[in-house]
Structures are given as structure tokens and as C-alpha cells.
Amino acid sequence: MRMTVAAIAVAGLAVSTAACAGDESDLDGEGGGGGGTINMQIGEVRSLIPGGSGESEGYRIIKNVYDGLIYYDRESGEPVNLAAEDISSPDNQVWTIKIKDGLTFQNGEPVDADAFIRSWDRTALASNALPLNYFFATFEGYAEMNPDPLPEDQWADPEVPEYAPIDVTHLSGVTAVDDLTIEVKLSAPFIGFPTMLGYEAFLPVAEACLADTEACEKKPIGNGPFMFEGEYDIESGGTAVRWEDYAGDMPAKIDGVNWKVYVGGDDCWADFLTGDIDVCRPTAADYENAMNDPDLESRHIQEDDPSILMLSFPLYDPKFQNVDLRRAISMAIDREGVANVVGPERFYPLDSFVPSSILGGGLGTCGEYCTYDPEAAAELLASAGGWPEGEKLKIWVNDANDNVDIFRAIGDSISQSLGIEYELVPMEWTDYLTTREGHGLDGPFRNGWSPDYNLNENYLEPIYGGGPTVNDMGWENADYDAKIAEAGSAATLDEAVALYGEAEQILADDMPSVPVFGEKFNYFYTDRLENVYVHGIYSGPGGDCELREVTIVG
């Protein structure tokens with residue numbers, strides 16, 4: 001069977017496509033047929049080189065500075081060729097990727113087979129300790145580039161694994177057939193492979209970038225419609241301008257975008273009201289006033305967001321080994337009550353690990369254990385041996401205002417239902433990520449997921465796969481791993497989706513995480529903008545829009 005990207009049209013992403021026109025005025029005097037610079041909020045960025053971010057904030061910039069092999073259609077979620085000319089396979093295990101001719105990086109280097117291969121090799125090499133390393137686990141040659149780390153007492157940083165020198169630095173399953181053709185051999189068939197290729201892990205990297213990664217982190221060398229002329233500062237932000245020599249299929253219409261950083265509990269709403277930020281989501285404290293402001297009503301985007309919010313458990317901590325304890329905590333959460341506290345219509349109670357807007361999602365696998373029932377929760381807690389007397393339940397969260405408010409309400413519900421005293425422990429974002437990934441948390445923790453691509457597998461294997469040393473929960477289940485492998489080897493996408501659904505049920509039975517909310521976009525934008533679209537796969541939190549499509553009223 002010959003598989004192409006077009007044949008893997010993953011329908012089912014329920015994202016609104018309505019564009020919203022602004023007032024026929026230009027507050028900053030910028031215009032000229034959609035040009036001008038827009039001002040966007042952003043959180044702290046971990047990296048601006050593909051493979052090094054793996055979080056929403058860095059990816060929001062990376063996806064506009066870089067072009068990948070494919071881009072996900074905003075309306076359907078279907079992967080559409082961007083830098084790729086064709087992606088095909090006779091058996092779903094050996095894939096041939098043809099790259100369009102004539103594409104370059106912003107420094108003039110060619111976007112060719114080597115540009116992708118050097119990027120993938122960098123991310124796949126264990127000693128580089130990049131967060132998206134696991135995306136290459138299905139490639140032939142990955143194991144040779146990822147041996148066991150040295151004993152922990154030999155690590156300079158206790159949260160960063162170190163390795164003996166690794167001789168193999170190239171994925172043996174990846175070959176440049178010619179300048180514009182890549183052959184990828186997977187360790188097993190995976191019919192969903194093309195759907196992955198629009199994500200950050202698979203973007204190309206310029207040779208000059210890897211020659212000086214420190215400089216490239218500040219001023220990326222991309223191949224997308226926006227480029228940095230100056231440096232990006234992780235504390236204050238930066239400005240990217242439209243790249244006039246862009247030869248791809250999705251050029252920018254505006255002159256540039258300025259990203260302003262909000263960290264440490266700060267948010268963009270006050271700056272939005274003064275017109276200094278163009279797109280913003282009100283936090284819980286501002287939500288009611290925003291929803292009742294008649295001046296904002298026509299500039300409000302509200303639609304289902306495929307992002308989900310979870311409370312995950314540190315299974316590496318003996319206190320959380322009993323599944324009945326985890327189920328008790330889930331049933332102790334009054335999801336509807338919490339949503340009413342932090343803003344109705346911002347969230348909806350979630351009873352699945354994959355939302356219904358994603359292909360294969362909405363199965364209701366959490367069932368009764370995601371239903372508020374304090375009495376049943378208390379019985380489950382008792383069957384698990386109770387909670388240690390006099391010990392507080394620590395709930396860990398990154399320190400954005402919204403997260404603190406939401407998880408305080410969640411903690412209140414758990415405490416009221418089970419009589420357990422809790423402590424909310426906020427952390428700065430990048431420290432939180434590092435500590436969470438390094439298994440350094442001693443209580444349930446905030447977890448969230450936004451889709452990399454429109455397939456239920458994306459909410460399963462990247463979050464819960466890889467074994468106890470890889471995923472954030474420290475979870476493993478042999479039956480789950482076997483079902484994921486079976487799904488990846490399915491002959492058709494429909495069969496794969498159904499098998500991934502069976503894997504989700506195994507996950508739900510073990511409950512290393514608790515689904516809490518599916519989210520809704522509630523973004524507002526200033527009246528200087530037109531063509532404001534939200535992309536269900538690419539949109540970041542806090543207020544975002546498709547920068548390749550937005551225009552400024554002129």
C-alpha cells in the first residue's frame with residue numbers, strides 16, 4: 001500500500017474557522033493593506049532551536065520562524081505538504097520524503113535533506129539531553145544513540161543525565177538518498193508517521209545554527225515567514241519581521257510581530273485593555289468583567305480548544321502507588337464547581353484522556369472515576385489505607401496566575417471531599433518543567449497537553465510512553481506498551497485509531513493522571529486586527545492567533 005500525507009487526512013478537529021473583522025481604524029497609524037506590527041503576549045521560552053523547546057511558549061515562536069515538512073490545516077487538522085513535495089511508503093515502515101526544490105534558510109543555506117537530518121540527529125542523541133528526543137524512539141538506530149546514562153552520582157546536575165562518550169551520532173535509519181530526498185526506516189510499521197512531521201521535533205536546522213547554538217538561541221536562523229533581525233531576550237521578548245525572501249507556501253501578511261514576556265504570575269489583560277497587547281485571554285479574576293463588556297463582545301473568540309488539563313501523580317513516590325488513592329482524588333474533584341469558580345465556559349469537565357475534538361477521542365474512558373462523588377471517594381481512600389495523618393497533600397503547579405487559581409480551587413475541592421489538608425506549591429515555569437521531568441515532585445502536579453497533531457496517539461504515547469524513567473509520572477504498563485505497538489503496526493488508520501482507544505482504556509484503568517478539564521479558547525483581540533483565527537493545534541495559551549493569516553486594519 002502506498003501511503004501519502006494526503007491519504008492520512010485526519011478529519012475530526014473541531015475548530016471554528018470564523019474570521020473576525022476589526023474596526024476600520026488603525027490605532028497606531030500602522031496599516032497599508034494588512035501590514036504593520038502586532039503585539040503578542042508570551043511566557044518564558046526554554047529554547048528557540050527545534051528539538052529544544054517541547055513546550056508551548058518556545059513553540060509559538062519556532063512555528064513562525066521555521067517551516068516544517070507539513071503544516072496542519074486550520075479547519076480539519078489534516079497534514080498538508082509545506083516543505084515536503086511528497087511523503088510515501090510501501091509498507092508504513094520505510095518512508096520516502098521528497099523536499100521541495102529552491103527553499104533556503106534565512107542565511108542562504110539550502111533547506112535540503114541534510115538540513116533535516118542534522119536536526120534529527122541532534123535531537124535524537126541522548127547526551128544532548130533535548131526534551132523532544134523521544135520522538136525518534138521509533139527510528140532505526142535510536143537505541144545506539146541512547147544508551148543507559150551513567151550512575152546519578154556522576155552527573156554534574158542532578159536533573160540532567162550524563163553519558164559515557166557515545167560513538168554513534170547519526171540515526172542509522174535515516175539516509176539522504178539525494179540532496180532533496182530522505183529515506184526513513186522505522187523499527188516497526190507506524191501508519192501515523194506522516195502526521196507527526198509538522199511538529200517541532202522534525203523541523204530543519206541550519207548548519208550555521210549548530211555551529212553556534214548560543215547565538216542561534218538568541219537569533220534563530222529559520223526558514224519560515226518571520227525572521228529575527230535582532231536578538232530575542234527570554235526575560236523581555238523580541239521582534240520578528242516578515243522575511244521578504246520567503247519562498248514557501250504560507251507567507252506572512254503583517255510586517256512583524258513583537259512578543260512581550262509575562263512571567264511570575266503577571267498576565268497581559270491590563271496591557272490588552274490599553275491596546276499594548278493585541279490578543280489576550282482574561283484570567284479567572286478578569287473573566288466575568290471581560291465577558292460582560294459590550295465593547296469586547298464583537299472581538300471575542302470562544303470555541304473548543306483541544307488542550308486538556310490534568311492532575312498527574314508521581315508514581316515514583318510510594319504514597320501514590322495505590323490506584324484507589326488516585327481514583328479517590330479524582331472523584332473528590334467537583335469539576336463543574338471548580339469551573340464555576342474560575343470562569344464558566346472557560347473549561348468543561350473531562351472524562352477522557354483524549355478530547356472529542358481529536359480523531360479517536362471522546363471515549364469517556366475515565367467514566368465514574370471522573371464523576372464527582374465525595375462518598376465514593378472517601379470509601380476508595382479508606383480501601384487504599386487512608387492518607388498519612390498530619391501530612392499535607394502537596395499540589396505542584398507552575399506559577400501563572402490562572403494555574404494558581406485553578407489548582408487552588410481543585411485543592412479546595414479535594415480537601416473538602418476527603419478531609420485532607422493540602423498545600424499549593426507554585427514554581428517558575430522552566431524550573432517546574434525541569435523538576436517535573438526529573439521526577440523531583442512529591443505530590444500531584446499540574447499537567448497539560450496541547451496537540452502536536454490530530455491523532456489520539458499524540459495524547460497517549462508522548463505523555464505516558466517510554467517507561468518509568470522517561471514519562472513525567474514514572475509510570476509503566478506492559479499491556480499498554482504492547483497495545484500502542486500493535487496500533488502503530490495497524491494496516492489502516494481506522495484500525496490504528498481503534499487500537500489506540502483500547503490503549504487509552506488500559507491507561508484509564510491504571511490512572512497515572514486524572515483528566516480534569518477540556519479547555520475552551522476565550523481570546524479577545526483589539527480593533528486594529530482583522531482575520532483573527534485560532535488554530536486548534538498550533539495556538540498557545542494566554543491569547544494567540546495564526547500569525548501567518550492575521551492582518552492589521554489599514
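The distance from the CD atom of Glu486 to the CD atom of Glu495 is 9.5 Å, given to the nearest 0.5 Å. A distance of 10.5 Å separates CD1 of Ile484 from CG of Asn477, quoted to the nearest 0.5 Å. Note that the OG atom of Ser489 and the CD1 atom of Ile191 stand 10.5 Å from one another [nearest 0.5 Å]. A distance of 11.0 Å separates CD1 of Ile358 from CG of Asp304, quoted to the nearest 0.5 Å. Note that the CZ atom of Arg74 and the CD atom of Glu546 stand 7.0 Å from one another [nearest 0.5 Å]. Here the straight-line distance linking atom CD1 of Ile410 with atom CG of Asp334 works out to 11.0 Å at 0.5 Å rounding.
Listed for the Glu200 side chain is a donor-acceptor partner under 3.5 Å among the backbone atoms of Gly51. Of the possible polar contacts, one joining the Asn454 side chain to the Leu359 backbone as a donor-acceptor pair under 3.5 Å is found. Of the possible donor and acceptor atoms, one in the side chain of Asn471 sits under 3.5 Å from a partner among the backbone N and O of Gly467. Distance alone, capped at 3.5 Å, is enough to place a donor-acceptor pair between the Trp155 side chain and the Leu150 backbone. The main-chain N or O of Glu288 is found under 3.5 Å from a side-chain atom of Asn292 such that the two form a donor-acceptor pair. No donor-acceptor distance shorter than 3.5 angstrom exists from the side chain of Ser53 to the backbone of Ile49, with no hydrogens or angles considered. For Asn447 (side chain) and Ser312 (main-chain N/O), no donor-acceptor pair under 3.5 Å exists by modelled atom type. Using a distance-only test at 3.5 Å, with no hydrogens or angles considered, a donor-acceptor pair links the side chain of Thr195 to the main chain of Gly192. Counting only distance, with no hydrogens or angles, the side chain of Asp317 and the backbone of Lys319 share a donor-acceptor pair below 3.5 Å. In this structure, Ser417 contributes its side chain and Ile333 its backbone to no donor-acceptor pair below 3.5 Å.
Cation-pi geometry between Arg327 and Tyr369 is satisfied (NZ or CZ under 6.0 Å from the ring centre, within 45° of the ring normal). The cationic group of Arg326 does not satisfy the cation-pi geometry with Phe320, failing either the under 6.0 Å distance to the six-membered ring centre or the 45° limit from the ring axis. Taking the centre and axis of the six-membered ring of Phe521, the NZ or CZ atom of Arg281 falls outside the cone set by 45° and 6.0 Å.
Phe517 is listed as a side-chain neighbour of Val338, based on a closest heavy-atom distance under 4.5 Å. Annotation: side chain of Val279 is not in contact with side chain of Ile301 (no heavy-atom distance under 4.5 Å). In this structure, Asn522 and Tyr287 have side chains that are in contact, with non-hydrogen atoms separated by less than 4.5 Å. Inter-residue side-chain proximity for Asn398 and Met427 is flagged as unmet; no heavy-atom pair is nearer than 4.5 Å. Counting only heavy atoms from C-beta outward, the side chains of Leu460 and Leu507 approach each other to under 4.5 Å. Side-chain contact check for Met310 versus Ile308: some heavy-atom pair is nearer than 4.5 Å. Using a 4.5 Å heavy-atom cutoff, the side chains of Val425 and Val397 are not in contact.
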### Task
Mind running side chain to side chain donor-acceptor pair (under 3.5 Å) on Tyr262 and Asp271 for me, showing each step along the way?
CA-CA 11 Å; Tyr262 294 85; Asp271 287 339; 2.5 Å; yes

### Task
Please lay out, stage by stage, how Thr365 and Gln505 fare under the test side chain to side chain donor-acceptor pair (under 3.5 Å).
CA-CA 6 Å; Thr365 49; Gln505 186 59 62; 5.1 Å; no

### Message
Is there a ring pair (Phe, Tyr, Trp, His ring centres under 6.0 Å) between Tyr142 and Phe139? Walk through the geometry before answering.
### Response
CA-CA 6 Å; Tyr142 176 84; Phe139 284 50; 8.6 Å; no

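Partner of His439 under the ring pair (Phe, Tyr, Trp, His ring centres under 6.0 Å) criterion, chosen from Trp475, Phe445, Tyr316, Trp396: Tyr316. The residue from Tyr66, Tyr538, Phe202 that alone fulfils the ring pair (Phe, Tyr, Trp, His ring centres under 6.0 Å) condition with Tyr71 is Tyr538.
The environment of CD in Glu423 is crowded: more than 12 heavy-atom neighbours from other residues, nucleotides or ligands sit within 6.0 Å. Within 6.0 Å of the CD atom in Glu336, the count of heavy atoms belonging to other residues, nucleotides or ligands does not exceed 12.
The pair Arg335-Asp351 does not meet the salt-bridge criterion, since no charged nitrogen lies less than 4.0 angstrom from a carboxylate oxygen. A salt bridge does not link Lys520 with Asp305: none of the charged nitrogens is closer than 4.0 Å to a carboxylate oxygen. With respect to Arg46 and Glu55, no salt bridge is recorded, no charged nitrogen being found less than 4.0 Å from a carboxylate O.
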Which side-chain N or O atoms in residues 379-388 pair as donor and acceptor under 3.5 Å with protein atoms at least two apart or in another chain?
| residue | atom | partner | partner atom | Å |
| --- | --- | --- | --- | --- |
| Ser383 | OG | Asp324 | OD2 | 3.1 |
| Ser383 | OG | Leu380 | O | 2.7 |
| Trp387 | NE1 | Glu391 | O | 2.7 |

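Checked against salt bridge (charged side-chain N to carboxylate O under 4.0 Å, His left out), Asp472 has the following partners two or more places apart in sequence or in another chain: Arg436. For Asp373, the salt bridge (charged side-chain N to carboxylate O under 4.0 Å, His left out) criterion is met by no residue, not counting sequence neighbours. A search for ring pair (Phe, Tyr, Trp, His ring centres under 6.0 Å) contacts involving Phe313 returns nothing, not counting sequence neighbours. Cys545 meets the disulfide bond (SG atoms under 2.5 Å apart) test with no other residue; sequence neighbours excluded.
Ring pair Phe524/His300 is parallel by interplanar angle, where below 30° counts as parallel and above 60° as perpendicular.
The ring pair (Phe, Tyr, Trp, His ring centres under 6.0 Å) pairs that include a residue from residues 404-431 number zero, where partners must be two or more places apart or lie in different chains.
Taking the six-membered ring wherever Trp is involved, the centroid distance between the rings of Tyr199 and Tyr59 falls below 6.0 Å.
There is no side-chain donor-acceptor pair under 3.5 Å between Thr435 and Glu437. In this structure, a donor-acceptor pair under 3.5 Å is present between the side chains of Asp73 and Ser76. Asn403 and Arg446 share a side-chain donor-acceptor pair at under 3.5 Å. In this model, a donor atom of one side chain and an acceptor atom of the other lie less than 3.5 Å apart for Ser47 and Glu217. A side-chain N or O of Glu457 and one of Tyr453 form a donor-acceptor pair less than 3.5 Å apart.
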